[in-house]
Amino acid sequence: MKNLYQAVKGMADIFPDQARKFATLEAAARAVGERYGYEEIRTPLVEPTELFARSIGETTDIVQKEMFSFSGPGDKSLSLRPEGTAGVVRAYLEHAVYAQQPLVRYLYLGPMFRRERPQAGRRRQFHQFGIEALGSRRPAIDVETIDLLTCYLEEVGMDGWELGINSVGCNRCRPGFREELRLYLEKRREELCENCRSRLETNPLRVLDCKNPGCRKVIEKAPKPIDHLCDDCASHFEEVRALLTELAVPFTLQPLLVRGLDYYTSVVYEIYGPSLGAQDAVAGGGRYDTLVEELGGPSLGAAGFSIGLERLLLSLKGREIPAPSPPSISLYLVAVMEEAFRPNAVLLSRLRRRGFKAVMDYLNRSLKAQMREANKRRVDYVLIRGKDEMEKGVIKLKDMKTGEESLLPEGEVVEKIFME
RNA sequence: GUGAGCGUAGCUCAGUUGGUUAGAGCACCUGGUUGUGGCCCAGGGGGUCGGGGGUUCAAUUCCCCUCGCUCACCCCA
């Protein structure tokens, strides 16, 4: 058979094997989130393109070339969300949550979309778990989110991660720094890659992040944001580091760390995973103290992070990821003859409602084939109903581990299983 | 957007220096017990060798184009 259709490039089908793992990561996210007081919020997958352009930044790669955009009603441009923060802040403002609660903690889970060329650890549709704390400027909130993140990593069994942090300054100190950096880079313009030359005009901070060897050399001696912080930013960053140290959360200062989303201010950080190769950033986050106001809301502090589930799974590869729910006793119902099919179907429903994991055959297969299937499914018990059982008004219960069989009235099946 | 690699069965892959019915392992189905699983045995289904064009008596194999996938750059989760 030839396939008439195939999945859109970069959009993966997630089959049960893999879906189980996602479910586990998601369950852990909610569990850890709850302990820290973060509650789930679900916002639309589609938002006005302008929302993303305003928040993430007009000049960022994400906005300039990675969004799935299309025209909605009234020719208004809409986009599939490339990240989660913009939508959460939009919802927060639209419903004036700030007027009801001075500090809110949100958690979100779901697919994000970016139109990049797919490769290891990168899909066009990928999944993130994210956290947003809106309403406080205290360094302790930054630390709370980082603490939550590292707690989550521990919870899902990841080790070998590294936390890199930096401060990129706020609206007060950044413009001055940006200009100083721009002047410095301008002088050595010839040594920069083409990409960085255009960044010079649009977003000079991004040059610090360039991996091009030529640019690296220029960057070495470039002014760093951390040396140009205003007093507020400097003391904020100091407090964050002090608290992290006190909590024994290991981190390294990375003066060149600048995030690719423009809304970040002050403290930023990334988690690097082991054995991830080129795409080693598993999670990223930071503070965004001006975004809420820029989107038309009150002036208040906020911080958050997001973690990529596909990448987390990649760095967890080879590791046991526990099933999200404890396995229950499993049964397989065998009908030896057509007349047994209906009573089995009825019993099947009853057993399921009693909490058993139970299935039966719907392909009119032979007894042998049904037994094979039961075995393949590794069920604990098989219930067999054929001519003999029908006549005697009983059903045969077979313990697949021991091979032991017993005849008993249907009503006693449940008791019998629990007794053993 | 740029570069590289790869497309043979559901999966993992062999093979064809151009030549009749293209193979293996796993998976799937049936049977070996008139009503019983695993192991074993026997048999079976399933491929226009990614698609199109060219060269040739003959192409899955050679050439060209195209599509798809993967990886890397870029950027990010």
Side-chain angles (χ1 to χ4, degrees), chain A residues 1-3 5-10 12 15 25 56-57 59-66 81-85 109-130 149 193-196 198-199 203 206 209-213 215 257-261 264 269-273 276-285 304-315 332 334-337 340 363 365-390 396-405:
Chain A
M1 245 185 303
K2 213 181 143 191
N3 287 328
Y5 301 104
Q6 60 179 311
V8 172
K9 185 199 278 288
F15 281 88
L25 295 185
I56 299 166
T59 65
T60 58
D61 285 0
I62 293 177
V63 168
Q64 285 198 331
K65 50 190 195 194
E66 294 175 6
R81 63 182 189 193
E83 58 96 53
T85 303
L109 285 159
M112 305 294 163
F113 304 84
R114 291 185 201 173
R115 193 172 172 154
E116 302 171 272
R117 286 283 276 270
Q119 62 180 280
R122 170 191 295 165
R123 296 279 92 112
R124 288 183 169 188
Q125 174 175 339
F126 60 104
H127 299 79
Q128 288 187 335
F129 155 39
L149 176 56
C193 69
E194 203 180 320
N195 209 331
C196 284
S198 70
R199 278 176 181 148
N203 205 343
R206 296 291 309 150
D209 200 35
C210 189
K211 279 145 204 129
N212 180 292
C215 299
L257 173 57
V258 279
R259 312 264 309 135
L261 292 82
Y264 285 110
Y269 53 91
E270 284 178 355
I271 293 277
Y272 310 103
L276 276 182
Q279 264 66 45
D280 68 344
V282 178
F305 69 76
S306 73
I307 176 162
L309 298 187
E310 280 84 355
R311 284 190 190 175
L312 180 57
L313 236 28
L314 261 185
S315 64
Y332 191 92
V334 170
V336 184
M337 61 205 294
L363 301 171
R365 291 194 286 187
S366 70
L367 171 58
K368 179 177 183 137
Q370 291 184 62
M371 289 303 294
R372 273 191 178 146
E373 164 108 20
N375 185 63
K376 200 163 35 186
R377 286 175 173 274
R378 303 184 177 289
V379 299
D380 302 304
Y381 297 93
V382 169
L383 284 162
I384 303 165
R385 194 192 319 255
K387 194 161 160 248
D388 296 353
E389 291 82 5
M390 298 281 281
K396 189 181 273 179
L397 175 71
K398 174 165 184 161
D399 184 328
M400 291 297 273
K401 239 181 242 105
T402 63
E404 222 170 280
E405 295 184 350

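Chain letters run A, B, ... following the sequence lines, proteins first, then strands; residues in each count from 1.
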Between the protein and nucleotides 27-30 of chain B, list every N/O to N/O distance that falls short of 3.5 Å.
{"from": "B/rC28", "atom 1": "OP1", "to": "A/Lys376", "atom 2": "NZ", "distance (Å)": "2.7"}
{"from": "B/rC29", "atom 1": "OP1", "to": "A/Arg365", "atom 2": "NH1", "distance (Å)": "2.7"}

Enumerate all atom pairs, one protein N or O and one N or O from nucleotides 2-5 of chain B, separated by less than 3.5 Å.
{"from": "B/rU2", "atom 1": "O4", "to": "A/Arg117", "atom 2": "NH1", "distance (Å)": "3.3"}
{"from": "B/rU2", "atom 1": "O4", "to": "A/Arg117", "atom 2": "NH2", "distance (Å)": "3.4"}

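With a 3.5 Å limit on both pairing distances and Watson-Crick or G-U wobble geometry required, the stems of 3 or more pairs in RNA chain B span B:1-7 with B:67-73, B:10-13 with B:23-26, B:28-32 with B:40-44, B:50-54 with B:62-66.
Residue A/Gln119 places no side-chain N or O under 4.0 Å from the OP1 or OP2 atom of B/rU70.
Of the candidate nucleotides B/rG35, B/rA77, B/rG37, B/rG35 has the atom lying nearest to any side-chain atom of A/Leu367.
The side chain to side chain donor-acceptor pair (under 3.5 Å) search around A/Arg385 returns A/Asn344, A/Glu410, not counting sequence neighbours. Applying the side chain to side chain donor-acceptor pair (under 3.5 Å) rule to A/Gln125 yields no partners; only residues at least two apart in sequence or on another chain are considered. Taking the side chain to side chain donor-acceptor pair (under 3.5 Å) definition, one finds that A/Asp380 meets it with A/Ser330, sequence neighbours left out.
Rounded to an integer number of Å, the gap from A/Gln6 CD to B/rG68 P is 7 Å. Between the CG atom of A/Asp209 and the P atom of B/rC74 there is a distance of 10 Å, rounded to whole Å.
In this structure, A/Asp388 reaches the bases: a heavy-atom distance under 4.0 Å links it to at least one base atom across the strands shown.
Heavy-atom nearest nucleotides on RNA chain B were determined for A/Val258 and for A/Gly386, and the one closer to the 5' end corresponds to A/Gly386.
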